[in-house]
Amino acid sequence: MIKNIEDAIFFAINKDSKNESIKCIDVQNHYNFTNMLDSFYKVVSNSIPSKINVEDITVICVTYDNFRIAKKKGFKTYYIYDLLDFTDNYYYFLRKIPSGHFYIVESVDNITSDIIERLKKTLPKIAKIFLFHDSVIPRRYSGEDDVKFINSLTSYNVETLQGNKSYHSTPINSLINKLRSKKSTIKEILEKPTMNSSNKAEYINTSKFKLSDVDITKPIITTHLNLIKDLNIKIRQYLGLVDVLDEYKPNIGEYIVAHGFSCCNVDGKEICLPVGYRIKVKDIKSSVNKDNNYYIVYFDYEYPTGEISEANIKISKTYIEYLVDGTTNLSHDPNSYNYFFGYVISAYHSINNRYNKATIIYDYTLSMDRRDLYTCLIPVVDEVRLFFSLDKKIEIEE
């Protein structure tokens, strides 16, 4: 029986599998990465006859925090988006990874299956790839092929790991664990009087979300896609952030978020950015071409190692206008990327981000799937304000 991270790794390494080169370890997304690396090295060392060093194991990370942990421990470490480039339709590997035997991918919870297949093709045939995956996170946003791929590799699910020290504060971790468990319904979990308030987790049962409740220093996370568009627009209007000379132009200090693949220019090179990448606008310039259909945004880019350099990216004015007005007469600049205002962001595309404080909006009438609320909570580290409604659709009002 799998009880802790070491059990899960041992099971993955030693179980029979139809696809011996790729093995999936199905545990909660917020597993303790330090413990995992120690356990992985221990299990591998005890499973093969020859001596193995930590630098013989390659770790591919999707979060900065865990990249730094693996690097400090001496593993060969890569940030996955430093290895990728993309076409209009898919990512591909730009850099080849040095040959080895054991490869760990920190999380594939919002990594598409074609990236994993392409990774496999870049590695030697003897390579073993271990994918960490949380089956409680719905993959419907990634597509049917991704669901089939993960299901073909996953044969179990661990409700909670013993001894797993989460990066979440205790109240958030408690709610996450309750949502993973099937002992209580989501209504029972959210309606318990003892959970109505906390200095780290505030539960607000309401059918009205007031714009006056918005704290723009914290992201609003939701799985309701229409809310992402509509609430972003209403927040800007309510706060008087719309420029009368160009209503689609983000202001200095505002956040914008990638709604698709994108690439920025930093230190004389192009760097690939994940969907859901959130940028704080440091400066912005309008296009000078005759179509006036893009902006150049300047921002501080943080490398996985922690260094910061000024970067710039070309974003599509056409895309913003289309989302705001529902129509546009502007042509799309093919060298610009689809970004939108970042007050309200997608839960699924924020899984690999970390926010110290956040607001969550969860409407049970739009989704009765507890996994959606679970996904919203994963990026939130310390404090959360949870606005929820169980019986009426949430309306936005001033």
Side-chain angles (χ1 to χ4, degrees), residues 197 201-259 276-286 295 297-299 315-328 330 338-350 353 355-367 372-373 376-377 379-380 382-398:
S197 63
E202 183 180 1
Y203 295 74
I204 304 166
N205 189 347
T206 180
S207 60
K208 304 288 185 183
F209 182 79
K210 297 181 180 180
L211 293 173
S212 57
D213 285 326
V214 173
D215 180 350
I216 61 172
T217 65
K218 308 171 187 175
I220 299 171
I221 303 173
T222 186
T223 61
H224 312 310
L225 299 184
N226 284 340
L227 195 60
I228 293 172
K229 176 178 73 71
D230 296 343
L231 187 51
N232 267 309
I233 294 168
K234 289 181 179 180
I235 288 172
R236 297 190 80 241
Q237 292 170 341
Y238 177 77
L239 296 176
L241 296 171
V242 179
D243 187 338
V244 293
L245 298 178
D246 187 350
E247 61 182 303
Y248 314 109
K249 185 179 180 180
N251 296 301
I252 293 173
E254 283 195 281
Y255 284 95
I256 56 174
V257 169
H259 280 195
Y277 190 83
R278 194 167 184 249
I279 289 171
K280 186 175 184 179
V281 178
K282 186 176 180 181
D283 196 8
I284 185 167
K285 295 179 181 178
S286 299
Y295 304 107
V297 173
Y298 297 84
F299 65 100
I315 69 169
S316 173
K317 179 178 179 179
T318 311
Y319 182 73
I320 297 174
E321 181 176 311
Y322 178 76
L323 288 189
V324 172
D325 294 341
T327 184
T328 179
L330 292 177
N338 293 342
Y339 275 72
F340 196 60
F341 303 108
Y343 299 102
V344 190
I345 58 179
S346 158
Y348 179 73
H349 290 120
S350 301
N353 299 333
Y355 300 108
N356 201 41
K357 301 177 182 180
T359 297
I360 289 173
I361 300 178
Y362 173 69
D363 189 331
Y364 186 75
T365 70
L366 297 177
S367 169
D372 283 339
L373 178 54
C376 288
L377 286 159
V380 189
D382 192 42
E383 295 182 17
V384 66
R385 295 183 78 202
L386 171 56
F387 291 83
F388 69 95
S389 178
L390 297 172
D391 50 13
K392 293 181 181 179
K393 183 178 178 180
I394 294 179
E395 302 290 341
I396 309 300
E397 64 176 32
E398 293 189 7

Report yes or no: does [X] contribute a side-chain atom to a donor-acceptor pair with the main-chain N or O of [Y] at less than 3.5 Å?
X	Y	answer
T222	I361	yes
D372	S367	no
E247	V244	no
D382	N356	no

For [X] and [Y], does a side-chain donor sit closer than 3.5 Å to a side-chain acceptor?
X	Y	result
D363	S389	no
H259	Y319	yes
D325	Y248	yes

Neighbour count >12 (heavy atoms, 6.0 Å) for atom NZ, K249: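 Yes, the 6.0 Å shell around NZ holds more than 12 heavy atoms from other groups.
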First locate atom [atom1] of [X], then atom [atom2] of [Y], and finally report the distance between them rounded to the nearest 0.5 Å.
X	Y	atom1	atom2	result
I256	I320	CD1	CD1	7.0 Å
T359	E383	OG1	CD	10.5 Å
S212	L239	OG	CG	10.5 Å
S316	E321	OG	CD	9.5 Å
E398	D213	CD	CG	12.5 Å
T206	K392	OG1	NZ	9.5 Å

I want to check something: taking the side chain as every heavy atom from C-beta on, are [X] and [Y] in contact at a cut-off of under 4.5 Å?
X	Y	value
H224	Y362	yes
I315	P250	yes
V214	I216	yes
K317	L330	yes
L373	I360	yes
K218	D215	yes
I235	I220	yes
P379	I221	yes

Looking only at non-hydrogen atoms, find the nearest pair between [X] and [Y] and report the distance.
X	Y	answer
I396	L227	CD1-CD1, 3.9 Å
R278	I345	NE-CG2, 4.3 Å
K280	G253	CE-O, 3.7 Å
L245	D243	N-OD1, 2.9 Å
F341	N232	O-ND2, 3.1 Å
K282	I252	O-CG2, 3.5 Å

Aromatic Y343 / basic R236 pairing, under 6.0 angstrom, 45° off normal: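 Here R236 fails the 6.0 Å and 45° test against Y343.
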Test: K208 and E395 ion pair at under 4.0 Å: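 Here K208 does not pair with E395 in a salt bridge, since their nearest N and O are not under 4.0 Å apart.
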Evaluation steps, side-chain contact (heavy atoms from CB on, under 4.5 Å), between F388 and Y364: CA-CA 7 Å; F388 69 95; Y364 186 75; over 6 Å; no
side-chain contact (heavy atoms from CB on, under 4.5 Å) assessment of C376 paired with T223: CA-CA 7 Å; C376 288; T223 61; 3.7 Å; yes
Residues that N353 engages under side-chain contact (heavy atoms from CB on, under 4.5 Å), provided they are two or more places apart: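 Listed in chain order: S350, Y355.
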Worked check of side-chain contact (heavy atoms from CB on, under 4.5 Å) between L377 and L386: CA-CA 9 Å; L377 286 159; L386 171 56; 5.8 Å; no
Close aromatic pair by centroid cut-off 6.0 Å: F387 and F209: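 Between F209 and F387, which both carry aromatic rings, the centre distance is below 6.0 Å.
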